[in-house]
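Encoded as structure tokens, the structure appears first; notes follow it.
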Amino acid sequence: YYRFVRGDGVLTVTVILFAIYIFVLGPLGETRQVDRLGVDLVFAALVVGGALIVFDPTLTKRVFIGLVIATVVARAFDREWPFAWTSVAAAAVTALAAFFLGSLFIARALRDGRINGHRIMAAVGAFLLIGVMFSQAYRMLLQFVPGAFAIGGEASQAMALSQVPLYFSFITLTSLGYGDVVPVHPLA
């Protein structure tokens, strides 16, 4: 067990679980097909598990676990009391947690040793987390500029409550850009 956790194989497992969260559980939670609290708790478990596995120093782990707890609390407040400030706070701490975990993935991928498929998966995980960070930035932007994006040619006011920021983030990040979601405000 110790060899697996300290080896590179755990990077692949962590990234696969994180991809399942992003592309399966997240959209199901947003469409209310599964409980959003459960989805948030799975997110917290994945992030904490990833940090515990990927990074060694104890102080960094404690700070990061505190950040994850703040993320879960902010998302719970946003779910129960959906005000602009709770949405912005939840998006900000989620983006910060994604940035921190992405940094941990990159640090683990670039440490001394041979480059292998597992380390490449860590880089893929960091890439996925860039998409999560930008989606949270779009969520924050939508709290201050509600019609910043157009869906199907019409400005959308309810985008902050859907998966559209995550979708837009990934179609932009992968340079697909279907044109179904278009930024219409200069900040977007």
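The heavy-atom pair separating R111 from R119 by the smallest distance is O-NH1, 2.6 Å. Nearest heavy-atom pair, A109 versus A123, reported as atom, atom and distance to 0.1 Å: CB-N, 4.5 Å. Smallest separation of non-hydrogen atoms from V132 and A98: CG1-CB, 3.9 Å. Nearest heavy atoms, A150 versus V184: CB-CG1, 3.7 Å. Taking all atoms of both residues into account, the shortest heavy-atom contact from D78 to F83 is OD1-O, 4.1 Å. Closest of all the heavy-atom pairs between I22 and L166 is O-CD2, 3.9 Å.
Checking side-chain atoms of S169 against main-chain N and O of G131 turns up a donor-acceptor pair under 3.5 Å. The backbone N or O of A91 sits nowhere less than 3.5 Å from a side-chain atom of T94 that would complete a donor-acceptor pair.
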In sequence, state the C-alpha distance, the side-chain angles, and the governing distance for F127 and L173, and then conclude on side-chain contact (heavy atoms from CB on, under 4.5 Å).
-> CA-CA 9 Å; F127 184 77; L173 191 61; 3.5 Å; yes
Would F170 and F23 count as a ring-ring contact (aromatic ring centres under 6.0 Å, His included) if you check the C-alpha gap in whole Å, the side-chain angles of each, and the deciding distance to 0.1 Å?
-> CA-CA 11 Å; F170 277 103; F23 298 115; 5.3 Å; yes
Show the numbers, then the answer: is there a side-chain contact (heavy atoms from CB on, under 4.5 Å) between I16 and M121?
-> CA-CA 9 Å; I16 288 171; M121 282 298 287; 4.1 Å; yes
Could you check I151 against D180 for side-chain contact (heavy atoms from CB on, under 4.5 Å), going step by step and ending with a plain yes or no?
-> CA-CA 6 Å; I151 299 175; D180 52 346; 5.8 Å; no
Verdict with supporting geometry, Y178 and Y167, side-chain contact (heavy atoms from CB on, under 4.5 Å) = CA-CA 11 Å; Y178 297 120; Y167 169 75; 3.2 Å; yes
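V124 and L110 are members of different hydrophobic clusters when ILVMFWY side chains are connected at heavy-atom separations under 4.5 Å. L142 and V182 fall into different hydrophobic clusters, where Ile, Leu, Val, Met, Phe, Trp and Tyr are joined by side-chain heavy atoms under 4.5 Å apart, directly or via other members. Residues M133 and I171 share a single hydrophobic cluster, defined by chaining ILVMFWY side chains whose heavy atoms lie under 4.5 Å apart. There is no path of hydrophobic side-chain contacts, each under 4.5 Å, that joins I120 to L128. Taken together through direct or relayed side-chain contacts under 4.5 Å among Ile, Leu, Val, Met, Phe, Trp and Tyr, L101 and V93 form parts of separate hydrophobic clusters.
Looking at heavy atoms from C-beta onward, L141 lies in side-chain contact with L187 at the 4.5 angstrom threshold. Side chains of L129 and F105 form a contact here, defined as non-hydrogen atoms less than 4.5 Å apart.
For an aromatic pair to be called close, the ring centres must be under 6.0 Å apart, and F168 with F134 fails this.
The NE2 atom of H118 sits 10.5 Å away from atom CZ of R108, with the distance rounded to the nearest 0.5 Å.
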